[in-house]
Amino acid sequence: MTERTAISPTRQEDFPEWYQQVIAAADLAENSEVRGCMIIKPWGYAIWERMQRELDRRIKAAGHQNAYFPLFIPLSFLEKEAEHVEGFAKECAVVTHHRLEAKEGRLVPGAPLAEPLVVRPTSETIIGAAFARWIQSYRDLPLRINQWANVVRWELRPRLFLRTSEFLWQEGHTAHQSAEEAEAEALRMLRLYEGFLREMLALPAMAGEKTPRERFPGAVRTLTLEVLVQDRKAIQAGTSHFLGQNFARANGITFLSPEGHQEHAWTTSWGVSTRLVGTLIMAHSDDNGLALPPRVAPTQIILLPLIRKEEERAAVEAACGRLLAELSEKSYAGEPLRVEIDARPLAGGAKNWEWVKKGVPLRVEIGPREVAAGTLSVSRRDWSPRERLALSEQQFVANVEQTLAEMQQGFWERALAFQKSHTRRIGSREEFLEFFTPKDSENPEIHGGFAEVPWAGDTALEDKIHEEQKVTIRCIPLEQEPASGTCPFSGRPAKHRVLFGKAY
RNA sequence: CGGAGUGUAGCUCAGCCUGGUCAGAGCGCUUGCUUUGGGAGCAAGAAGUCGCAGGUUCGAAUCCUGUCACUCCGACCA
């Protein structure tokens, strides 16, 4: 039997279209009049705020302070670091004028700027310039700064949340006395992200290092968290860079060491963006719309009063009000429960489906029947939308924390099982080819995943594989067994295992 | 930047080939009644400079020229 799904097409039928439909159905975001720039709607923004709030707490607990740097970066700043220029030049938005003047009924840019300003694609250079002023001595180190900001990278092919010309993010920047300390910091922040993804978003990630081909422009090492989503493509969910002394040299960040030597500081940078919202959608949602792990859900429990006749109203509303009050006393994961009543005069079915599509973990229906029986009809987002459990108010309230914890755990386990079942060890070219080739080339089915391959190749070989197979090395996992086996592409003894995959 | 396509109501689109009862449909919206416990029904209603600018014509959503915008595929993308 095929049940009608709330989202059409389904994931199997057309994943990219499904993704867009989930966003529309859950009312998360929409395209704006400005190409490539999205409008994040209240429900989508609330999810981002949930992430932001928790991440902000963790970053501060790790010893970083928030600050804010300018949106505009002098062109000359960007020119300071050669690789950095090369990496970002093509996607920069540039402000060349100030002042608008009326001409023939139109507004035209008036006064040219002496030096064009680049809208920040990232802030290494302008923060570096500030660091250079702030840091005098080894006593000023380490310096740990974070900022929440928007950045602009002029994208040619935007997709809501995944790749937009403007997006929101957090970027951390630190400076240290030694290479070891800076490297440790980069790794520490990657692990912080990893824990955040695991505990809040129920997303298992492969932690690893980028190959030179995929490295951040100007970085010595780039660390990444790669998440496999339901179409078995990999998405970079967080990144952390050890920048060596490259940006310190470019920006003149020096300090006087205890021995009295003038030295360049060692810096790091790291960030996660609104792309996490897209990752969350693609990892957890189903053919009935968005599905939110309880810890990121802006509303965890929605109460749905069912009122057919006016004379029923008082009793139903009283029951809802009482339940709301009781639940508001409770907490989950150290925070008060987030509960709402949807009192809009809509038909019960329509209202119920709306919250299914929005991904709210628990739905509680209360009508005259429940009032009479002294029960609640409870539905879970991780069950079929039509399933309901009749529970007494007491039972529900007493167990609600545990229920949410179970659901959170369930999201994690499902995602982890998915990642594991689509990660394959591969030892030969043939196997590799088979893994990344759909059975039906006319109408390719969802295929592939992470291919774990012994590797001894270089960038040129990686380029070649990318050209032929459209797959790239997503990362060199940090968790490695001692090198063994032969690289199937170069025939040489492997240096390590790498993960290949299709990338977002 | 290359290839293809699309601009008509808030949204999705039909109409264009063959110019003239072509200003249309569905969804959504408003109002009323009936329904509400499984994504309601009926009735009435509001809503469009047919992307924009020229041209051809008695007459243009429709044909011609130009222009702008967007979408998809490629290239590009920490």
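A, B, ... follow the sequence lines: proteins, then strands. Residue 1 opens every chain.
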Checking side-chain polar atoms at under 3.5 Å, does A:E171 have a donor or acceptor matched by the opposite partner on A:S269? no
Taking B:U49 as the reference, what is the distance to B:G54 when you measure between their C1' atoms (whole Å, please)? 16 Å
Rounded C1' spacing from B:U57 to B:A44 in Å: 41 Å
Rounding to an integer number of Å, can you tell me how far A:R159 CZ sits from B:C76 P? 18 Å
Side chain to side chain contact (heavy atoms under 4.5 Å, CB included) evaluation trace for A:F216 with A:H84: CA-CA 8 Å; A:F216 176 79; A:H84 200 60; 3.7 Å; yes
B:G26 and B:G45, which share atom name P, separated by this distance in whole Å: 14 Å
Taking only N and O in the side chain of A:K351, is any of them less than 4.0 Å away from OP1 or OP2 of B:A40? no
At what distance, to the nearest 0.5 angstrom, does CH2 of A:W355 lie from CD1 of A:I302? 4.0 Å
What is the separation between atom CD on A:E365 and atom P on B:G39, rounded to the nearest whole Å? 12 Å
Contacts of A:V220 that satisfy side-chain contact (heavy atoms from CB on, under 4.5 Å) - sequence neighbours left out: A:F242, A:N246
For a stem of at least 3 consecutive Watson-Crick or G-U pairs with distances under 3.5 Å, i pairing with j, i+1 with j-1 and so on, which stems involve RNA chain B? B:1-7 with B:68-74, B:10-13 with B:24-27, B:29-34 with B:40-45, B:51-55 with B:63-67
Which part of the nucleic acid does A:P345 contact within heavy-atom distance under 4.0 Å: base, sugar-phosphate only, or nothing? nothing
Ion pair check, A:R313 and A:E310, cut-off under 4.0 Å: yes
More 5' along RNA chain B: A:R215 or A:I7, using each one's nearest nucleotide? A:I7
With P as the reference atom in both, quote the distance from B:C13 to B:G2 in angstrom, rounded to an integer. 27 Å
Options B:C77, B:G37, B:G39, nucleotide nearest the side-chain atoms of A:E155: B:C77
In this structure, is the centre-to-centre distance between the rings of A:W455 and A:F500 below 6.0 Å? yes
Distance check needed: B:A75 P versus A:K90 NZ, whole Å only. 13 Å
Close side-chain approach of A:L323 to A:I366, heavy-atom, < 4.5 Å: yes
With A:K41 as the cation and A:Y45 as the aromatic partner, state whether NZ or CZ is under 6.0 Å from the six-membered ring centre and within 45° of the axis. no
Assign A:G348 to base, sugar-phosphate, or nothing according to its heavy-atom contacts below 4.0 angstrom with the strands shown. base
Rounded to the nearest angstrom, tell me the gap between atom CG in A:L346 and atom P in B:U35. 18 Å
Taking the same atom, C1', in B:C11 and in B:C52, what whole-Å distance lies between them? 23 Å
Base, sugar-phosphate or nothing for A:T122? Non-hydrogen atoms, less than 4.0 Å. nothing
By a strict heavy-atom criterion of less than 4.0 Å, which residues belonging to residues 298-324 of chain A are in contact with RNA chain B? A:L306, A:I307, A:R308
Using whole Å, what does the distance between atom C1' of nucleotide B:C76 and atom NE2 of A:H466 come to? 10 Å
Any side-chain donor-acceptor pair under 3.5 Å between A:H64 and A:E185? yes
Closest approach to the side chain of A:K470, judged atom by atom: which nucleotide of B:A40, B:A75, B:C77 is it? B:A75
P gap between B:A23 and B:A4, integer Å: 35 Å
Parallel, tilted or perpendicular for A:W169 and A:F167, by the 30°/60° rule? perpendicular
Rounded to whole angstrom units, what separation is found between the CZ atom of A:R163 and the C1' atom of B:C77? 6 Å
Could you pull out all residues at least two apart from A:R497 that satisfy side-chain contact (heavy atoms from CB on, under 4.5 Å)? A:R425, A:E452, A:P454, A:Q480, A:S484
How far, in whole Å, is B:A46 from B:G3 if one measures between their C1' atoms? 43 Å
Hey, which sits more toward the 5' end of RNA chain B by its nearest nucleotide, A:Q236 or A:L156? A:L156
Is the shortest distance from a Lys or Arg side-chain nitrogen in A:K358 or A:D342 to a carboxylate oxygen in the other one below 4.0 Å? no
With sequence neighbours excluded, tell me which residues meet salt bridge (Lys or Arg N to Asp or Glu O under 4.0 Å) with A:R191. A:E194, A:E479
Whole angstroms only, please: what is the CG-P distance between A:N288 and B:G39? 14 Å
Using atom C1' of each nucleotide, how far apart are B:C17 and B:U12 to the nearest Å? 24 Å
Heavy atoms under 4.0 Å, any strand shown: does A:A6 hit a base, just sugar-phosphate, or nothing? base
Could you check if a side-chain atom of A:V371 sits within less than 4.5 angstrom of a side-chain atom of A:V316, using non-hydrogen atoms only? yes
Distances under 3.5 Å only, N/O to N/O: pair up the protein atoms with those of nucleotides 67-72 of chain B.
unit_1 : atom_1 : unit_2 : atom_2 : d
B:U71  : OP2    : A:R35  : NH1    : 2.3

Nearest whole angstrom, please: distance from the P of B:C77 to the CZ of A:R213. 8 Å
